[in-house]
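Being a predicted model, the structure only gives us computed values, none of them experimental.
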Amino acid sequence: MKEITSFLKSRKWALIISILYVGTGTLAVCSAYGSDLLYGEWTLYALIVTFPVSILSFGCRYADPSIWPVLLIQFIMFLITFFILSLFIKSKPDN
């Protein structure tokens, strides 16, 4: 467990960026229908900005309006985004 916490602490910025980017895409996909609670003009712009991580979930949501497959796909996209960003962004170790 200590290894996991040290891994996350050393990649704090990659985690924060991944949560914000994929979270915005998830919220936009879950608000894409007119009957959704947060539906608005902003969803189109958010989907365009988060296109790489939300295209699969949007296609799945377009075919079937269920939310659960979207959440599963977005969780997998979050993991992929986090590990790719963690290769490029590393925090300085605390001395």
Side-chain angles (χ1 to χ4, degrees):
M1 186 69 178
K2 191 173 186 177
E3 295 86 19
I4 294 172
T5 56
S6 67
F7 177 79
L8 292 176
K9 280 185 181 180
S10 67
R11 288 152 177 87
K12 179 176 56 174
W13 285 110
L15 182 67
I16 291 170
I17 292 170
S18 299
I19 288 172
L20 290 176
Y21 189 68
V22 178
T24 303
T26 305
L27 190 62
V29 170
C30 292
S31 302
Y33 279 123
S35 62
D36 291 333
L37 184 62
L38 297 175
Y39 177 76
E41 189 177 306
W42 69 274
T43 57
L44 175 65
Y45 301 119
L47 285 172
I48 291 171
V49 169
T50 61
F51 181 77
V53 297
S54 62
I55 186 66
L56 289 174
S57 355
F58 182 75
C60 184
R61 181 92 199 270
Y62 186 75
D64 180 25
S66 177
I67 296 288
W68 294 110
V70 169
L71 295 177
L72 179 66
I73 292 170
Q74 288 299 99
F75 179 72
I76 294 169
M77 293 306 288
F78 164 72
L79 292 176
I80 292 170
T81 305
F82 171 66
F83 286 120
I84 289 174
L85 283 177
S86 68
L87 292 174
F88 296 107
I89 301 173
K90 292 185 181 176
S91 299
K92 294 180 186 176
D94 292 333
N95 290 335

Q. Got a sec, which pairs hit salt bridge (Lys or Arg N to Asp or Glu O under 4.0 Å) with one end in residues 42-58, sequence neighbours left out?
A. none

(Q) Is there a continuous path of hydrophobic side-chain contacts, each under 4.5 Å between heavy atoms, that joins I55 to L27? (A) no

Q | Residues in side chain to side chain contact (heavy atoms under 4.5 Å, CB included) contact with L20, at least two apart in sequence or another chain | A | I16

Q | Within residues 14-33 or reaching into it, pairs that qualify as salt bridge (Lys or Arg N to Asp or Glu O under 4.0 Å) - sequence neighbours excluded | A | none

Q. Do T5 side-chain atoms and K2 backbone N/O form a donor-acceptor pair below 3.5 Å?
A. yes

Q) Roughly how far, to the nearest 0.5 Å, is CE of M77 from CG of L72? A) 12.0 Å

Q.
Does L87, at its CG atom, have more than 12 non-hydrogen atoms belonging to other residues, nucleotides or ligands within less than 6.0 Å?
A. yes

Q | Of all pairs that satisfy side chain to side chain donor-acceptor pair (under 3.5 Å), the ones with a partner from residues 17-30, not counting sequence neighbours | A | T26-Q74

Q) Which value, rounded to the nearest 0.5 Å, describes the distance between F78 atom CZ and I19 atom CD1? A) 5.0 Å

Q | Within one Ile-Leu-Val-Met-Phe-Trp-Tyr cluster: L15 and F83, side-chain cutoff 4.5 Å | A | yes

Q) Tell me, do T81 and V53 make a side-chain contact under 4.5 Å, heavy atoms counted? A) yes

**Q.** Residues that, via side-chain heavy atoms closer than 4.5 angstrom, fall in one hydrophobic cluster with F58
**A.** V29, L47, V70

Q: State, yes or no, whether a side-chain contact exists between F75 and L79 at a heavy-atom distance under 4.5 Å.
A: yes

**Q.** Heavy-atom pair of closest approach, residues S86 and R11
**A.** CB-CD, 3.5 Å

**Q.** Remaining members of the apolar cluster that contains Y45, side-chain heavy atoms under 4.5 Å
**A.** none

(Q) What's the separation between atom CZ in F88 and atom CD1 in I84, rounded to the nearest 0.5 Å? (A) 7.5 Å

**Q.** Sequence-distant partners of I17, side chain to side chain contact (heavy atoms under 4.5 Å, CB included), two or more places apart
**A.** L85, I89

Q: First locate atom CG of L71, then atom SG of C30, and finally report the distance between them rounded to the nearest 0.5 Å.
A: 5.0 Å

Q. Got a sec, which hydrophobics cluster with Y39, joining ILVMFWY side chains under 4.5 Å apart, including via others?
A. none

Q: Can you tell me which residue pairs pass the side chain to side chain donor-acceptor pair (under 3.5 Å) test with a partner in residues 59-73, sequence neighbours excluded?
A: D36-R61

Q) If every non-hydrogen atom of T43 is compared with every non-hydrogen atom of G40, which pair is closest and at what distance? A) OG1-O, 2.8 Å

Q) Nearest 0.5 Å, what's the CD1-SG distance between I73 and C60? A) 4.0 Å

